Engineer: 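Below: one structure in structure tokens.
Remember, predicted model here, so these are calculated numbers, not experimental data.
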Amino acid sequence: MATDMNRYLIVNADDLGYSEGINTTIDRCSKEGVLRSATLMANGPAFEHAVAVAKSNDRLTVGAHMNLSEWRPVSEPRDVPSLVDEQGIMRSTPGALAIGLAAGRISKRDIRRELHAQFAKIMDYGLRPTHLDSHKHVHVLPQVLEVLLEIAGRYSIGWIRRPFEGGTGWRAVSLVDRGLRATFIRQHIEGQLTNVFLPIFNGMVKRSGVKTPDCFCGVSLTGTWSEPVLDYLLARVKPGVNEWMMHPGILDLQLRASHTRLLAQRERERDLLISPVWNDLLIKYRVILGGFGEEHQ
């Protein structure tokens, strides 16, 4: 946590490594806009391209976006059999992962093996992640969080995402475009359902000594961001370290062929991240942009 009353904002782009279009968009949003942080998928189809982008961009702090829900694992599928289907692909939704863990169909040993392999791959390619989060926020599950905290301790990773939204994001619903409000409401409800894990999450993180941002926003607003929403939320950034999750990208053929539900919405978030409205709003509301691992934290 920050030790003064300054209001720091980290805007993090998830899904670095998902496609080359997403990689180049994240790079652009960092160089032309306000993006200072991204998280990298070790098993993403465009991982090597993402590594090259990250190494060429000294404005971008890069963390690990741990993935148990898509594509082939970094481990050999035969070594993590409870995580993959007959084709060796990981397809578990967060709900299916939770049920599988509870029923004993998904092995905690397999989760540990795969997540350690993902992190090691990023390190082997010459990047040292500054922070950790997970695809679809599966680290709200205690069994997954335990492994991420284990990785953080082993490799001295100082930060992990605390993916629980407060009430501020919900009050932005009236500023979301009318055609997107149903999406916003659905995403908000889904996000609030994870609050059942909040006490356990807070306790585990506190005992580990790993830091989390004080406030988090982005679940409800995924794909529905707008300039009025931006103005509203910047006015309400609290003292301390705040994290906003975004998913900028470009709707190219590679993205169209993927399984993501976020398609043209990624271009909407890209346009917001490079919008000139940020300059005046950051000054107006005295918000300081930053990335994970910077000295002011």
Side-chain angles (χ1 to χ4, degrees), residues 9-47 49-50 53-54 57 60-71 93-94 131-140 161-165 169 172 176-177 180 183-184 186-188 190-191 194 213 216-227 229-230 233 242-275 278 289 291-292:
L9 175 62
I10 300 169
V11 182
N12 188 87
D14 288 15
D15 295 352
L16 184 64
Y18 201 102
S19 72
E20 290 193 8
I22 287 176
N23 297 343
T24 55
T25 302
I26 289 173
D27 189 48
R28 179 187 176 190
C29 290
S30 172
K31 293 175 178 176
E32 300 180 21
V34 298
L35 196 64
R36 299 291 180 271
S37 176
T39 35
L40 173 61
M41 309 177 86
N43 71 327
F47 171 77
H49 180 265
V53 166
N57 188 339
L60 198 65
T61 62
V62 176
H65 195 56
M66 310 302 254
N67 182 19
L68 296 172
S69 305
E70 287 190 63
W71 306 306
T93 64
H131 57 294
L132 300 172
D133 59 34
S134 65
H135 193 45
K136 301 184 180 179
H137 291 155
V138 294
H139 71 289
V140 300
R161 174 178 290 168
R162 182 176 174 272
F164 302 94
E165 289 185 326
V176 172
D177 292 353
L180 297 172
T183 298
F184 176 95
R186 175 179 54 78
Q187 291 174 165
H188 178 78
E190 291 173 352
T194 67
F216 172 78
C217 184
V219 173
S220 304
L221 284 162
T222 297
T224 71
W225 288 86
S226 65
E227 289 187 3
V229 168
L230 175 63
L233 291 179
N242 300 263
E243 181 188 5
W244 289 2
M245 172 186 71
M246 299 189 75
H247 298 83
I250 186 171
L251 185 52
D252 55 12
L253 292 177
Q254 187 177 11
L255 190 63
R256 288 183 186 276
S258 71
H259 296 290
T260 180
R261 65 185 175 85
L262 296 175
L263 297 171
Q265 302 99 312
R266 293 181 185 265
E267 296 186 346
R268 180 187 187 93
E269 298 197 8
R270 172 205 63 195
D271 292 345
L272 184 64
L273 285 168
I274 60 175
S275 171
W278 280 87
L289 285 177
F292 284 98

Engineer: Check whether any side-chain heavy atom of S226 lies under 4.5 Å from a side-chain heavy atom of T224, and answer yes or no.
Structural biologist: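 A side-chain contact is absent here, since even the closest heavy-atom pair is not under 4.5 Å.
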Engineer: Just verifying a value: how many Å separate T194 OG1 and K136 NZ, rounded to the nearest 0.5 Å?
Structural biologist: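 So the OG1 of T194 and the NZ of K136 are separated by 15.0 Å.
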Engineer: Using a 3.5 Å distance criterion without hydrogens, assess whether the side chain of N43 forms a donor-acceptor pair with backbone atoms of E70.
Structural biologist: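 Looks like yes, one N/O pair under 3.5 Å.
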Engineer: Using atom types as modelled and distance alone, determine if a side-chain donor or acceptor of E269 lies under 3.5 Å from a backbone N or O of H247.
Structural biologist: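 Flag set: sc E269 to bb H247 pair under 3.5 Å.
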Engineer: Mind running side chain to side chain donor-acceptor pair (under 3.5 Å) on R161 and H137 for me, showing each step along the way?
Structural biologist: CA-CA 9 Å; R161 174 178 290 168; H137 291 155; 3.0 Å; yes
Engineer: Measure the shortest side-chain to side-chain distance between D27 and L60 over non-hydrogen atoms and say whether it is less than 4.5 angstrom.
Structural biologist: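 SC-SC contact between D27 and L60 ruled out.
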Engineer: Over all heavy atoms of both residues, which pair between V140 and P163 is shortest? Give the atoms and the distance, please.
Structural biologist: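 Of all heavy-atom pairs spanning V140 and P163, the closest is CG1-CG, 3.6 Å.
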Engineer: Begin with the C-alpha distance, continue with both residues' side-chain angles, and end with the deciding distance and a verdict on side chain to side chain contact (heavy atoms under 4.5 Å, CB included) for V219 and E190.
Structural biologist: CA-CA 9 Å; V219 173; E190 291 173 352; 5.9 Å; no
Engineer: Answer yes or no: is there a side-chain heavy-atom contact under 4.5 Å between L272 and E227?
Structural biologist: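 Side-chain contact under 4.5 Å: yes.
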Engineer: For residues G21 and T24, report the shortest heavy-atom separation together with the two atoms involved.
Structural biologist: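 Nearest heavy atoms, G21 then T24: O-OG1, 3.1 Å.
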Engineer: Taking all atoms of both residues into account, what is the closest heavy-atom pair of A38 and L16, and its distance?
Structural biologist: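 Reported closest heavy-atom pair: CB-CD2, 4.2 Å.
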Engineer: So among D15, L273, I274, D14, which one has a side-chain contact (heavy atoms from CB on, under 4.5 Å) with P248?
Structural biologist: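 One option only clears the test, and that one is L273.
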Engineer: Under 3.5 Å, is there a donor-acceptor pair between the side chain of T61 and the main chain of G291?
Structural biologist: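 Answer holds: no.
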Engineer: Calculate, to the nearest 0.5 Å, the distance between atoms OG and CG belonging to S275 and L230 respectively.
Structural biologist: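 Rounded to the nearest 0.5 Å, the OG-CG separation comes out at 7.5 Å.
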Engineer: H139 and S134: which non-hydrogen atoms are nearest, and at how many Å?
Structural biologist: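 The pair with the smallest heavy-atom distance is ND1-OG, 2.6 Å.
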Engineer: Do W244 and V34 come within less than 4.5 Å of each other through their side chains, counting heavy atoms only?
Structural biologist: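 Result no, sub-4.5 Å side-chain heavy-atom pair not found.
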Engineer: Kindly determine whether I10 and N242 satisfy side chain to side chain contact (heavy atoms under 4.5 Å, CB included), including the steps that lead there.
Structural biologist: CA-CA 6 Å; I10 300 169; N242 300 263; over 6 Å; no
Engineer: CG/D133 to CZ/F216 distance, rounded to the nearest 0.5 angstrom?
Structural biologist: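 Here the interatomic distance stands at 8.0 Å.
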Engineer: Who pairs with D271 by salt bridge (charged side-chain N to carboxylate O under 4.0 Å, His left out), at least two apart in sequence or on another chain?
Structural biologist: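 Scan of D271 (salt bridge (charged side-chain N to carboxylate O under 4.0 Å, His left out), adjacent residues dropped) gives none.
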Engineer: Verify side chain to side chain contact (heavy atoms under 4.5 Å, CB included) between L221 and V229, making sure each step is shown before the conclusion.
Structural biologist: CA-CA 9 Å; L221 284 162; V229 168; 3.7 Å; yes
Engineer: Check H188 against S220 and note the closest heavy-atom contact, atom names and distance.
Structural biologist: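 For H188 and S220, the tightest heavy-atom pair comes out as ND1-OG, 3.0 Å.
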Engineer: Any chance you could lay out the side chain to side chain donor-acceptor pair (under 3.5 Å) test for N12 and T39, step after step, and finish with the verdict?
Structural biologist: CA-CA 7 Å; N12 188 87; T39 35; 3.1 Å; yes
Engineer: Mind checking the CZ-OG1 spacing from F184 to T222? Nearest 0.5 Å is all I need.
Structural biologist: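 Between atom CZ of F184 and atom OG1 of T222 there are 10.0 Å.
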Engineer: Is a side-chain donor or acceptor of R268 paired with a backbone partner of W225 at a separation under 3.5 angstrom?
Structural biologist: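 Confirmed, R268 side chain pairs with W225 backbone.
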Engineer: Can you see which heavy atom on S37 is nearest to which on F292, and at what distance?
Structural biologist: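 Heavy atoms only, the tightest pair is OG-CD1, 3.5 Å.
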Engineer: Listed by chain and number, what are the side-chain hydrogen bond (donor to acceptor under 3.5 Å, both in side chains) partners of S30, not counting sequence neighbours?
Structural biologist: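 For S30, the residues satisfying side-chain hydrogen bond (donor to acceptor under 3.5 Å, both in side chains) (neighbours in sequence not counted) are N57.
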Engineer: With rounding to the nearest 0.5 angstrom, report the CG to CD distance, L9 to E243.
Structural biologist: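 The CG atom of L9 sits 9.5 Å away from the CD atom of E243.
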Engineer: For the pair E165 (side chain) and G218 (backbone), establish whether a donor and an acceptor sit closer than 3.5 Å, ignoring hydrogens and angles.
Structural biologist: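 Present.
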Engineer: Once you round to the nearest 0.5 Å, how far does NE2 of H65 lie from CG of L132?
Structural biologist: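 Output value for this atom pair is 11.5 Å.
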